[in-house]
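Excluded from the calculations below are hydrogen atoms, water molecules and symmetry mates; all remaining heavy atoms, backbone and side chain alike, are included. One-based numbering along the sequence shown.
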Amino acid sequence: SSDLILRLTHQLKMGFFIYNAMEDKKKVIVYVDGFNFYYGLKSKKWKMCYWLDLVSFFNSFLKPYQELVEVNYFSARPTDAGKHDRQDKLFQANKCNPKFNLILGKYLKKEIKCRYCGGIIHSFEEKETDVRIATKILSDAYKKRCDIAIIVSADSDLIPPVELIREFNPLQKVYVYFPPNRYSSNLSNLSDGTRKLDGAFNIFKKHILPQKVQLPNGYVIERPDEWK
């Protein structure tokens, strides 16, 4: 009957629109400056938020028409055994999600001469992180892997790669999420939009990893006592 034909036509149209809405979702890739992010949380004394489900956390900010492709987390292994162990647990727990991608730099030994006594102080500084972030952002933009890049950092060294993206892929959007107590007016002015995570404590709390996380190999890791 004509009523049946009309109903079928309507259903087909709705299916077509739903299909296209799914197809047209804007792809989002997140780039987290782990050093900047960690010290932002530390400055707020949000220790409990170190044990964070990073994919779930950043996914919570996306709009219905956006789709998270991956969260790239850039960091380096601490030389201190305790810090190394706690960090490793965080990374292992987040690696359970295939959208989490860990990219490691390194710490280099640094000698600082005391201006008062002349003694040598041994310290370590993180190296290569900003270069690795810049390389990854540019590579993804060149390959058109996403429509929106979200940079989680306040490091103004990331301005040059954003400027380059503007030149060869002007349609790509670049947003900046500033870690707690971190800000760069230059990065802000260059971006398509910003978000300050200073006031996101309740959102952080909603995306804390479980107390115990079972890895694919069956091994169970627990949240470090120092992060409770």
Taking N186 for its side chain and S156 for its backbone only, find out whether a donor-acceptor pair lies under 3.5 Å.
no
Considering only heavy atoms from C-beta outward, does the side chain of L90 approach that of Y38 to under 4.5 Å?
no
Kindly indicate whether the side chain of F204, heavy atoms from C-beta on, has any atom under 4.5 Å from the side chain of L41.
yes
Q92: what forms a side chain to side chain contact (heavy atoms under 4.5 Å, CB included) with it, not counting sequence neighbours?
D88, K95, L215, I221
Judged by atom type as modelled, is there a donor-acceptor pair below 3.5 Å linking the side chain of R132 to the main-chain atoms of K136?
no
Check whether any side-chain N or O of S191 sits under 3.5 Å from a backbone N or O of S188 as a donor-acceptor pair, and report yes or no.
yes
Can you check whether S185's main-chain N or O pairs, donor with acceptor, with N189's side chain at less than 3.5 Å?
yes
Could you pull out the closest heavy-atom pair between C49 and I208, with the gap in Å?
CA-CD1, 3.7 Å
Side-chain donor/acceptor of N59 to backbone N/O of V55, under 3.5 Å
no
Which atom pair, heavy atoms only, marks the closest approach of C146 to I29?
CB-CG1, 3.6 Å
Joint hydrophobic cluster, L158 plus F168, side-chain heavy atoms closer than 4.5 Å:
yes
Are K26 and K63 close enough that some pair of their side-chain heavy atoms sits under 4.5 Å apart?
no
Strictly distance-based, threshold 3.5 Å: is any side-chain N or O of N181 a donor or acceptor partner for the main-chain N or O of G40?
no
Taking C-beta and beyond as the side chain, do T79 and H84 meet within less than 4.5 Å on heavy atoms?
no
With the side chain counted from C-beta on, respond yes when S75 and F91 share a heavy-atom pair under 4.5 Å apart, and no when they do not.
yes
What residue among I103, V152, D140 forms side-chain contact (heavy atoms from CB on, under 4.5 Å) with Y31?
D140
Within the distance-only criterion (no hydrogens, no angle test), does the side chain of R86 pair as donor or acceptor with the backbone N or O of Y50 below 3.5 angstrom?
no
Do E67 side-chain atoms and L62 backbone N/O form a donor-acceptor pair below 3.5 Å?
no
Can you find a pair of side-chain heavy atoms, one from R223 and one from M48, that are under 4.5 Å apart?
yes
Side chain to side chain contact (heavy atoms under 4.5 Å, CB included) assessment of V30 paired with E70:
CA-CA 6 Å; V30 180; E70 66 186 13; over 6 Å; no
Would you say L171 and I150 are hydrophobically clustered, going by side-chain heavy atoms of ILVMFWY under 4.5 Å?
no
Side chains of N101 and N72: is there a donor and an acceptor less than 3.5 Å apart?
yes
Using atom types as modelled and distance alone, determine if a side-chain donor or acceptor of D192 lies under 3.5 Å from a backbone N or O of Y175.
no
Atom NZ of residue position K89 - does it have more than 12 heavy atoms of other residues, nucleotides or ligands inside 6.0 Å?
yes
Say whether, by atom type as modelled, one donor and one acceptor occur between the side chain of K99 and the main chain of L68 under 3.5 angstrom.
yes
Measure across I165 and A141 and return the closest heavy-atom pair with its distance rounded to 0.1 Å.
CG1-CB, 3.8 Å
The reported gap from CG in N169 to OH in Y142 (rounded to nearest 0.5 angstrom) is 11.0 Å
What are the two closest heavy atoms between W46 and P180, and how far apart are they?
CZ3-CG, 3.8 Å
Between F35 and F74, is there a side-chain heavy-atom distance shorter than 4.5 Å?
no
Would you say L102 ends up clustered with V131 if hydrophobic residues are merged whenever their side chains have heavy atoms under 4.5 Å apart, either directly or through other cluster members?
no
What pair of heavy atoms forms the shortest contact from R182 to S43, and how long is it?
NH1-OG, 4.0 Å
For the residue pair D130 and D33, establish whether any side-chain heavy-atom pair is separated by less than 4.5 Å.
no
